[in-house]
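Accompanying notes for the structure given below.
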Amino acid sequence: MFIHSRALKLQRKLSELVRIGPNPTNVEIVAGLDVSYRGKDFGVAVAVAIDRNTHKVLDCAASRGKVDIPYVPGLLAFREAALMIAALESLSIKPDVVMVNGHGLAHPRKLGIASHIGVVLNISTIGIARHYLYGKIVSENSENKILIEDKLVGYVIRTPRGGKLYVTVGHRVTPDFARRITQELLKPPFSLPEPIRLADQISRRIVRSYV
DNA sequence: GCGACAG
DNA sequence: ATCTTGTCGC
């Protein structure tokens with residue numbers, strides 16, 4: 001079952017394992033992870049693998065099931081990580097880096113869902129969030145940096161339509177690599193990088209197909 | 001006590 | 001995130 005205090009303790013423990021860089025080499029496959037819900041406790045997670053150069057979909061997989069843990073700000077991973085990991089491991093190919101819908105190090109205990117998944121699977125991950133959660137935003141050189149304990153962990157970037165996107169280090173990537181790969185896969189007129197956008201779109205279609 | 005609060 | 005159709009606008 002779910003013990004709030006245990007969750008906090010686990011996050012503080014796992015956060016010690018998070019690494020900023022080094023970046024993966026020869027990045028050709030980028031995956032995106034997202035979860036949609038039917039009602040309040042039935043979720044569908046989808047993993048989409050994209051070719052970093054052609055932006056074509058290489059593979060796609062889904063995982064669904066009852067979700068008993070409620071959403072609590074700061075504890076999102078306990079609600080969604082299991083389904084996301086199941087979907088990710090169902091892919092027939094291995095991504096070089098994974099984008100997760102949620103924050104990475106920009107988190108109260110430095111362990112947003114992107115970092116959580118990165119540490120648990122020991123893979124490179126990037127957090128992609130549409131809303132602010134935690135951290136100091138500093139405008140510098142016409143760019144908005146996200147600082148945690150005075151350390152750079154990511155950037156707030158602008159989407160083609162003027163919206164904001166919080167891009168942060170999940171695990172084993174640098175802030176600049178996270179931003180660069182995100183920009184590369186951010187195709188107008190969309191406001192989310194392709195891997196996440198497709199995972200989001202596909203997961204809601206699956207969910208909505210359930211009458 | 002007050003405000004903030006990913007998906 | 002989800003409950004929800006059409007509609008106004010770039």
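Order of the sequence lines fixes the chain letters, A, B, ..., with proteins taken first and strands second; residue numbering starts at 1 for each chain. Computed from a prediction, not measured in an experiment: that's the story for all the values here.
- With sequence neighbours left out, Pro160(A) forms a side-chain contact (heavy atoms from CB on, under 4.5 Å) with Leu186(A), Pro188(A).
- Remark: His116(A) pairs with Phe78(A) by the ring-ring contact (aromatic ring centres under 6.0 Å, His included) rule, at least two apart or across chains.
- Here Lys164(A) pairs with nothing under the side-chain hydrogen bond (donor to acceptor under 3.5 Å, both in side chains) rule; sequence neighbours left out.
- Under the 4.5 angstrom side-chain criterion for Ile, Leu, Val, Met, Phe, Trp and Tyr, the cluster partners of Leu58(A) are Ile29(A), Ile93(A).
- Listed by first and then second residue, the ring pair (Phe, Tyr, Trp, His ring centres under 6.0 Å) pairs that reach into residues 138-165 of chain A come to none, sequence neighbours excluded.
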Annotated structure of DNA chain C as dot-bracket, pair cut-off 3.5 Å, Watson-Crick or G-U only, | for inter-strand, is ..........
Which nucleotides of nucleotides 2-7 of chain B have their base under 4.0 Å from a protein heavy atom (B), which only their sugar-phosphate (S), and which neither (-), written as one string 5' to 3'?
---BBB
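- Residues satisfying the salt bridge (Lys or Arg N to Asp or Glu O under 4.0 Å) criterion with Lys136(A), sequence neighbours excluded, are Asp150(A).
- In this structure, Arg197(A) places its CZ atom where more than 12 heavy-atom neighbours from other residues, nucleotides or ligands lie under 6.0 Å away.
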As a quick check of understanding, evaluate salt bridge (Lys or Arg N to Asp or Glu O under 4.0 Å) for Asp176(A) and Arg180(A), giving each step before the final call.
CA-CA 6 Å; Asp176(A) 290 86; Arg180(A) 181 182 165 200; over 6 Å; no
Sugar-phosphate or base contact per nucleotide [nucleotides 5-10 of chain C; S, B, -; heavy atom under 4.0 Å]
------
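- Closest non-hydrogen pair, Val153(A) versus Ala106(A), comes out as CG2-N, 4.5 Å.
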Reading DNA chain B 5' to 3', how would its secondary structure be written in dot-bracket notation, given Watson-Crick and G-U pairs with both distances under 3.5 Å, brackets [ ] for crossing pairs and | for partners on other strands?
.......
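- Linking ILVMFWY side-chain heavy atoms closer than 4.5 Å, directly or via other members, places Met84(A) and Val44(A) in two distinct hydrophobic clusters.
- Applying the ring pair (Phe, Tyr, Trp, His ring centres under 6.0 Å) test to every pair with at least one member in residues 171-198 of chain A, sequence neighbours left out, gives no pairs at all.
- Identified under the salt bridge (charged side-chain N to carboxylate O under 4.0 Å, His left out) test for residues 27-42 of chain A, with sequence neighbours left out: Asp41(A)-Lys66(A).
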